[in-house]
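Below is one structure; the comments refer to it alone.
Numbering of ligands and ligand atoms starts at 1, following listing order. Note: hydrogens, waters and symmetry copies are ignored here, and every other heavy atom, side chains too, is used.
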Amino acid sequence: MNIVLASAEVFPFAKAGGLADVSGYLPKEWAKAGHSAIVIMPKYGHIDSQKYKLEPLNITISVPIGSWVEYAQLWRAVLPGSSVPVYFLESADYFDRHGIYGDPDGFHDNDRRFIFFSRAIFETLRALDFRPDVVLSNDYHTAFAMAFLKIHYRRDEYFAHTAGVQAIHNMAFQGIYGAEHLLYLAQIGLDQFYPLSWFEFRGAVNMLKVGILFADKVTTVSPRYAMEIRYTDQGHGLQDVLNEKSADLVGILNGVDYQVWNPETDPLIYANYTAESLENKQTNKLEFLRRSKVPESELYSDMPLIGMISRLTDQKGIDLVQEIIEHLLNSYPLRFALLGSGAANYEDFFRHLSQKYYPRSLIKIGYDEEISHKIEAAADIFLMPSRFEPCGLNQMYSLKYGTVPLVRATGGLADTVQEFDPTTLQGNGFVFDNPNPHELEAALRRAIAAYYDKALWKRIIQNGMQADNSSTRSAENYIKVFEWALAKIR
Ligand code: ADP
């Protein structure tokens, strides 16, 4: 099968969150399974061209936008550890800036940037002479590709048998742009073919809605989330649209790229280990604490290290942590290590916490790939108290690293973490239902009690390390959906 994955984020070139990881591993898995996969993404100004060996192709593509034409230059690299080609769209107008989205407020022209990207996908494919069976669009950034495919390109013999699949990684980000953007739609001529209601949402343009309605199949990143977005406010206003499309909506659990996230081989951690050599996990903890400047005299006092790696936003339940962390540090023997960045009020709070409770509170504000691996290897318990979580990757990394996840039962967290039952010895973590600090504390109390029962704790760790959440399985499930999409249009 010829597969194109188009994404605004692809690991390791440009990453803001889990979307990048998934966009990085899926094409590698498809290639391993014998498919022909390519990736198309923007060439942002901050991408390190030298490090990732990007090469200019001397191909200029023309991208028709309404009655005018815009241009992009193509660059090429490969996904590290594979021969999967990645094509980068260079555009001085749209992408040659620092950052992917221009967070926290977003670039003022994100709608135009991503509509341009969505259309440029097809012109790139033609220029490369890559005739796709499937275009996989990811989130709202490429959602207009589904409309361009259905409205324009399928009329063209070249794309007549190409299916469009829209993946939803997070319903909270829909790409909603105000009423004046409806005019832009008219300028680019899309509204002549389908009713405006396919593009419009509460008087504005909703890019994700466009992707959902025009795609042949729609995926989201866990089975539980596929239900939640239809039946609860997790649909963020698009519940009805998703229900209308429910026959074409499938939840596929994200996976872990075990080439990147594997304690047995990870070059970024202090000592490699397996379920049979957990003493080396202890080495990671000690070394992490030592490098975090925990005094030598305190290094060996046996208390659990609670880890967190997260965007600092309400979605991730950071407000719950904020509410209760001082109480926890005052009431329980524990250390807390957090790596994260996001809302300024949270960043300030944790900076303050780090000063007040140092060396039991170890905080790093920022984004740091290397430290994230070190925390996964060092921590005993990994905390993810998310208010909603489409899939979540860190709980699956944690399972692999023998770091026991403590999560709220929502979305992919509910699909991957089961409360440990001391009588049956089944389960791989600790789970609470309602997003309040009391339930979080109760779950933590259960976890800490289990931590001090060393035989029990080892069992929980080993249950987790046995889980197969591989990206291979996830990628196979996408192929099934692609086959359904193709059966639908052919
Ligand atoms: P989301 O995409 O909603 O942020 P996911 O759990 O799906 O959440 O994916 C988050 C990804 O981003 C993980 O790979 C995680 O390790 C990484 N990550 C988040 N914050 C940081 C950070 N501050 N430094 C390094 N990696 C981070």
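- In this structure, Lys15 has a heavy atom closer than 4.0 Å to ligand 1.
- Here's the thing with Gly17: none of its N/O atoms is less than 3.5 angstrom from an N/O atom of ligand 1.
- Considering only non-hydrogen protein atoms, atom 27 (C) of ligand 1 sits nearest to Tyr367 CE1, 3.4 Å.
- Within the 4.0 Å heavy-atom cutoff, Tyr397 counts among the residues contacting ligand 1.
- By the 3.5 Å distance cut-off applied to N or O atoms, Trp261 is not counted among the residues near ligand 1.
- Protein heavy atom at the shortest distance from atom 13 (C) of ligand 1 is Asn394 OD1, 3.5 Å.
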Item to complete: Assess whether side-chain contact (heavy atoms from CB on, under 4.5 Å) is satisfied between Val22 and Asn138, documenting all intermediate values.
Response: CA-CA 10 Å; Val22 179; Asn138 291 277; 5.6 Å; no

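- Of all protein heavy atoms, the one closest to atom 2 (O) of ligand 1 is Gly18 N, 2.6 Å.
- Every atom of ligand 1 with a heavy atom of Asp21 under 4.0 Å away is listed here by number and element: 14 (O).
- Ligand 1 is approached by Lys316 to a heavy-atom distance shorter than 4.0 Å.
- In terms of N/O distances under 3.5 Å, ligand 1 is not approached by Glu369.
- In terms of polar-atom proximity, defined here as any N/O pair under 3.5 Å, Gly366 does make such a contact with ligand 1.
- The aromatic ring centroids of Tyr101 and His141 lie less than 6.0 Å from each other.
- Looking at Ala16 against ligand 1, nothing comes within 4.0 Å, counting heavy atoms.
- Ring-plane geometry between Phe148 and Phe144 is classed as tilted, the angle between the planes lying from 30 to 60 degrees on a 0 to 90 degree scale.
- For atom 5 (P) of ligand 1, the nearest non-hydrogen atom of the protein is Leu393 N, 3.8 Å.
- Residue Gly340 has at least one heavy-atom neighbour below 4.0 Å for each of these atoms of ligand 1: 23 (N).
- Lys32 is linked by a salt bridge (Lys or Arg N to Asp or Glu O under 4.0 Å) to Glu29, counting only residues two or more places apart in sequence or in another chain.
- Judged purely by distance below 3.5 Å, without hydrogens or angles, the side chains of Glu441 and Tyr332 pair a donor atom with an acceptor atom.
- Ring planes of Trp261 and Tyr401: perpendicular class, angle over 60° (limits at 30 and 60°).
- Ring geometry for Phe95 against Tyr44 counts as perpendicular: the plane angle is over 60°, on a 0 to 90° scale with 30° as the lower cut.
- Residue Ile309 has no nitrogen or oxygen atom sitting less than 3.5 Å from a nitrogen or oxygen atom of ligand 1, judged on distance alone.
- Distances between N or O atoms of Arg311 and those of ligand 1 include at least one value under 3.5 Å.
- Salt-bridge check for Asp314 with Arg387: failed, with every basic side-chain N at 4.0 Å or more from each acidic carboxylate O.
- Taking any N or O of Asp368, backbone or side chain, at least one lies under 3.5 Å from an N or O belonging to ligand 1.
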Discussion item. Checking Ser222 against Glu389 for the side-chain contact (heavy atoms from CB on, under 4.5 Å) test, could you report, in this order, the C-alpha distance in whole Å, the side-chain angles of both residues, the deciding distance, and whether it holds?
Written reply: CA-CA 9 Å; Ser222 68; Glu389 194 60 77; over 6 Å; no

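- Heavy atoms of Cys391 come nearer than 4.0 angstrom to ligand 1 in no pair at all.
- When the ring-ring contact (aromatic ring centres under 6.0 Å, His included) test is applied to Tyr140, no partner is found at least two apart in sequence or on another chain.
- Under the 4.0 Å criterion applied to side-chain N and carboxylate O atoms, Glu476 and Lys480 are not assigned as salt-bridge partners.
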